[in-house]
2 protein chains.
Amino acid sequence: MKRNTWQREAVRTALSENENFVSAQALHGALKQSGSSIGLATVYRALADLADEGEADSLQQEGEALYRACTPGSHHHHLICRNCGLTVEIEATAVEDWARQVAAQHGFTRAEHVVDVFGLCEACSRLQADPSSS
Amino acid sequence: MKRNTWQREAVRTALSENENFVSAQALHGALKQSGSSIGLATVYRALADLADEGEADSLQQEGEALYRACTPGSHHHHLICRNCGLTVEIEATAVEDWARQVAAQHGFTRAEHVVDVFGLCEACSRLQADPSSS
DNA sequence: AATCGTTTTGACAATCATTCTCGATAACGT
DNA sequence: ACGTTATCGAGAATGATTGTCAAAACGATT
C-alpha cells in the first residue's frame, strides 16, 4: 500500500514552487536549505513516483533528469528556454495525431512520443542581441 | 586542423553497419570483438564528433546516449521500437512548422526541437500479443 | 624519407547522477 | 496502542561519461 509521508509532500510542494524544470539534486539542495532533513535518495524516489503518477513531467538534459510539476491529467508538451529555463506548457493536438498516424503507417503500435521545443525566450533573446544591457 | 585516423573511420564504419541506435559502450564492444584495439574514450570522442558534424543522430534512453548513422544533410526524426530497437527515419515537415510557429507565438527565437516516436514495431507487437510464438 | 609542431590516442583515474543496501523509523489498519 | 510493513536516510555501489597526460600518429614541410 502507498503511504503518505511528509517527505513525499515536501517534494511535491517544492516542485510546485518551481516554475521551471529542476534536477533531483537541485531540489534536494533547496529542501535542505530550507531546513528539511530529507535524504537525497528519497527525493529521487519521490520524483520518480510523481512522474509515474502523472503529477510531474520529466525530461533529460545533458545527461540528467529534470522534473517539473504539471497540470495533472492533461497531455501536453513544453517550450523551454535554453538559457534561463523558462518553461511554457503547450498543447499539441496536431502533433499527437501526427505521431499516432506515422506510427500506424509503419505498423507500430503502442505509440508514445517525446516532443519538446527549445529556444531562447523573449528576455534571453534580447540579452543575447544586446549583451551590454545585462 | 582535423585529422583522419583509422579510429575515427572505424567508428564511422561500425556505426553505419548498425541499422539501429547503439550505445558507445556497445559499439566499443563490437569493435573490440572484431579485433580492433580502439580505446573506449576514443569511441566516445568519435561519436560526439560525428554527432556534432551531423553524420550521426543521438538520443538519450534510460540514462545513456545512443547513436545512429543518419542520412547527412537531411533533418529528420525517428520512429523507434521500444522492444527491439528497430528504427525508421521519418519526415515531419508538419511538426517542424508547428514547432517554429509555437515558439514564435511565445516570443521564443532560435527554436530547435526534440521529436521522437516510440512504439512497438509490427514484429514485436505480434510477439507481445502471442508470446508463445517467440 | 626524415623532421617538427600539433592533434589524437589509450589506459586509467576521476566525476557525477542515480540506484542499491540495510538497519532504523514511521504509517496505517486493526 | 500494536504489529505489519512500506518508507526513510546515510553511505556504498554502480555505471556511463569525461579528464589527464605521456606516447603515438598525422600531415605539412624540408
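In what follows, every chain begins at residue 1, and chains take the letters A, B, ... in the order their sequences are listed.
Side-chain atoms of Arg3(B) come within donor-acceptor range of the base of dT7(C), with a qualifying N/O pair under 3.5 Å. At a cut-off of 3.5 angstrom, the base of dG10(C) holds at least one donor-acceptor pair with the side chain of Arg45(B).
Among the heavy atoms of the strands lying under 4.0 Å from Ser37(A) are primed sugar atoms or P, OP1, OP2 only; no base atom is included.
Taking for each of Gln7(A) and Gly39(B) the nucleotide of DNA chain C with the nearest heavy atom, the 5'-most of the two is the partner of Gly39(B). For the pair Val43(A) and Gln25(B), nearest-nucleotide mapping onto DNA chain D gives the more 5' position to Val43(A). In terms of position along DNA chain D, the nucleotide closest to Ala41(B) lies nearer the 5' end than the nucleotide closest to the other residue of the pair Ala41(B) and Asn4(B).
Look at CD on Glu62(B): it is 13 Å from C1' on dT18(C), rounded to the nearest Å. As rounded to whole Å, 11 Å separates atom C1' of dA26(C) from atom CH2 of Trp6(A). Separating the CD atom of Glu64(B) from the C1' atom of dC16(C) is a distance of 16 Å, rounded to the nearest angstrom. In this entry the distance linking CD of Gln60(A) with P of dT18(C) reads 8 Å, nearest Å. In this structure, Met1(B) atom CE and dC4(C) atom P are separated by 18 Å, rounded to whole Å. Taking atom CG of Asp49(B) as the reference point, atom C1' of dT9(C) lies 13 Å away to the nearest angstrom. Atom CG in Leu40(A) sits about 17 Å away from atom P in dT21(C), given to the nearest Å.
Between Ala56(A) and Leu15(A), the shortest heavy-atom distance links the atoms CB-CD1, 3.8 Å. Shortest non-hydrogen contact noted between Arg8(A) and Ala46(A) is CG-CB, 4.1 Å. In this structure, His113(B) and Ala99(B) approach most closely via the heavy-atom pair ND1-CB, 4.0 Å.
For Tyr44(A), a side-chain nitrogen or oxygen approaches OP1 or OP2 of dT18(C) to under 4.0 Å. Contact between the side-chain N/O atoms of Thr5(B) and the OP1/OP2 oxygens of dT8(C) is not found at any separation under 4.0 Å.
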Step by step, work out the side-chain contact (heavy atoms from CB on, under 4.5 Å) result for Arg100(A) and Gln105(A). CA-CA 9 Å; Arg100(A) 232 189 318 278; Gln105(A) 263 171 26; over 6 Å; no
Could you go step by step and tell me if Leu50(B) and Arg12(B) meet the side-chain contact (heavy atoms from CB on, under 4.5 Å) rule? CA-CA 8 Å; Leu50(B) 289 176; Arg12(B) 211 194 311 267; 3.6 Å; yes
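Here chain B contacts DNA chain D (any atom closer than 4.0 Å to a heavy atom, that is under 4.0 Å), and the contacts span dA16(D) to dG27(D) from 5' to 3'.
Under 3.5 Å, the side chains of Glu122(B) and His106(A) contain no donor-acceptor pair of N or O atoms.
Summarising the geometry, atom CD belonging to Glu112(A) is positioned 9.5 Å from atom CZ belonging to Arg110(A); distances are rounded to the nearest 0.5 Å.
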